[in-house]
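Working notes, structure below.
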Amino acid sequence: MVGQKNSFSSFSVNNVQEAQTFYEKTLGIKTSIQQPEGVLTLDMNGSGNVMLYPKPNHTPATFTVLNFQVDNVEKAVDELHDKGVEFEHYTGDIETNDKGIRDNGTHKIAWFKDPAGNILSVIQNMEK
């Protein structure tokens with residue numbers, strides 16, 4: 001039956017080594033590479049793993065593939081910006097501020113891309 005075991009998410013990257021460097025050095029996530037396939041596993045601190053698999057003809061998704069819950073989006077954006085991460089800026093229905101943060105009153109969220117162009121976010125739940 002579906003849901004009876006641990007679940008995990010996966011998405012493709014065009015360069016596993018470049019992805020490993022970004023996820024470890026920039027985001028501070030423990031990683032490991034499984035051989036012989038070269039699948040990169042992100043250790044999500046007890047909430048499961050995320051697997052990134054190499055795909056030579058990789059095309060980044062046009063939607064968010066991974067969200068990181070944080071206590072303070074402003075602080076996370078500043079820290080990641082200091083590490084060279086560029087945040088996306090949107091207008092219209094999901095308009096972001098100058099830092100790239102969207103505040104809808106219940107969540108603050110900021111989107112950025114990994115080296116393969118996959119869209120990631122840091123998100124803060126403001127509801128108590």
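As the structure is a computational prediction, the values presented were derived from the model and not from experiment.
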Please answer: with hydrophobic residues joined when any side-chain heavy atoms are less than 4.5 Å apart, are [X] and [Y] in the same cluster?
{"X": "Tyr53", "Y": "Ile33", "answer": "no"}
{"X": "Phe22", "Y": "Ile119", "answer": "no"}
{"X": "Phe63", "Y": "Tyr90", "answer": "no"}

What's the spacing between [X] [atom1] and [Y] [atom2] if we round to 0.5 Å?
{"X": "Ser10", "Y": "Asn49", "atom1": "OG", "atom2": "CG", "answer": "11.5 Å"}
{"X": "Gln20", "Y": "Leu40", "atom1": "CD", "atom2": "CG", "answer": "5.5 Å"}
{"X": "Thr31", "Y": "Met51", "atom1": "OG1", "atom2": "CE", "answer": "12.0 Å"}
{"X": "Leu52", "Y": "Asn118", "atom1": "CG", "atom2": "CG", "answer": "7.0 Å"}
{"X": "Leu80", "Y": "Leu27", "atom1": "CG", "atom2": "CG", "answer": "6.0 Å"}
{"X": "Thr26", "Y": "Glu79", "atom1": "OG1", "atom2": "CD", "answer": "12.5 Å"}

Give a yes or no on this: more than 12 heavy atoms of other residues, nucleotides or ligands lie within 6.0 Å of atom [atom1] of [X].
{"X": "Phe8", "atom1": "CZ", "value": "no"}
{"X": "Lys75", "atom1": "NZ", "value": "no"}
{"X": "Glu24", "atom1": "CD", "value": "yes"}
{"X": "Asp71", "atom1": "CG", "value": "no"}
{"X": "Asn57", "atom1": "CG", "value": "yes"}

Show the nearest heavy-atom pair for residues [X] and [Y], with the distance to one decimal.
{"X": "Ala110", "Y": "Val73", "answer": "CB-CG1, 4.4 Å"}
{"X": "Ile109", "Y": "Ser121", "answer": "CD1-OG, 3.6 Å"}
{"X": "Asp103", "Y": "Met126", "answer": "OD1-CE, 3.3 Å"}
{"X": "Ile29", "Y": "Met44", "answer": "CG2-SD, 4.5 Å"}
{"X": "Glu18", "Y": "Pro115", "answer": "OE1-CB, 3.5 Å"}
{"X": "Asp98", "Y": "His89", "answer": "O-NE2, 2.8 Å"}

Tell me whether His58 contacts the main-chain N or O of Ala116 through its side chain, where contact means a donor paired with an acceptor under 3.5 Å.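 Judged by distance alone, yes, a pair lies under 3.5 Å.
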
Name the one of Leu120, Thr96, Ile101 that satisfies side chain to side chain contact (heavy atoms under 4.5 Å, CB included) with Trp111? Thr96

Step by step, would you call Phe11 with Leu66 a side-chain contact (heavy atoms from CB on, under 4.5 Å)? CA-CA 9 Å; Phe11 53 91; Leu66 186 58; 4.3 Å; yes

In chain order, what residues pass the salt bridge (Lys or Arg N to Asp or Glu O under 4.0 Å) check against Lys99, with sequence neighbours excluded?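 Only Glu74, Asp78 meet the salt bridge (Lys or Arg N to Asp or Glu O under 4.0 Å) criterion with Lys99.
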
Residues in salt bridge (Lys or Arg N to Asp or Glu O under 4.0 Å) with Asp43, at least two apart?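 In terms of salt bridge (Lys or Arg N to Asp or Glu O under 4.0 Å), with neighbours along the sequence ignored, Asp43 is linked to no residue.
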
If you apply the rule side-chain contact (heavy atoms from CB on, under 4.5 Å), what do you find for Val50 with Thr41, and how did you get there? CA-CA 6 Å; Val50 176; Thr41 301; over 6 Å; no

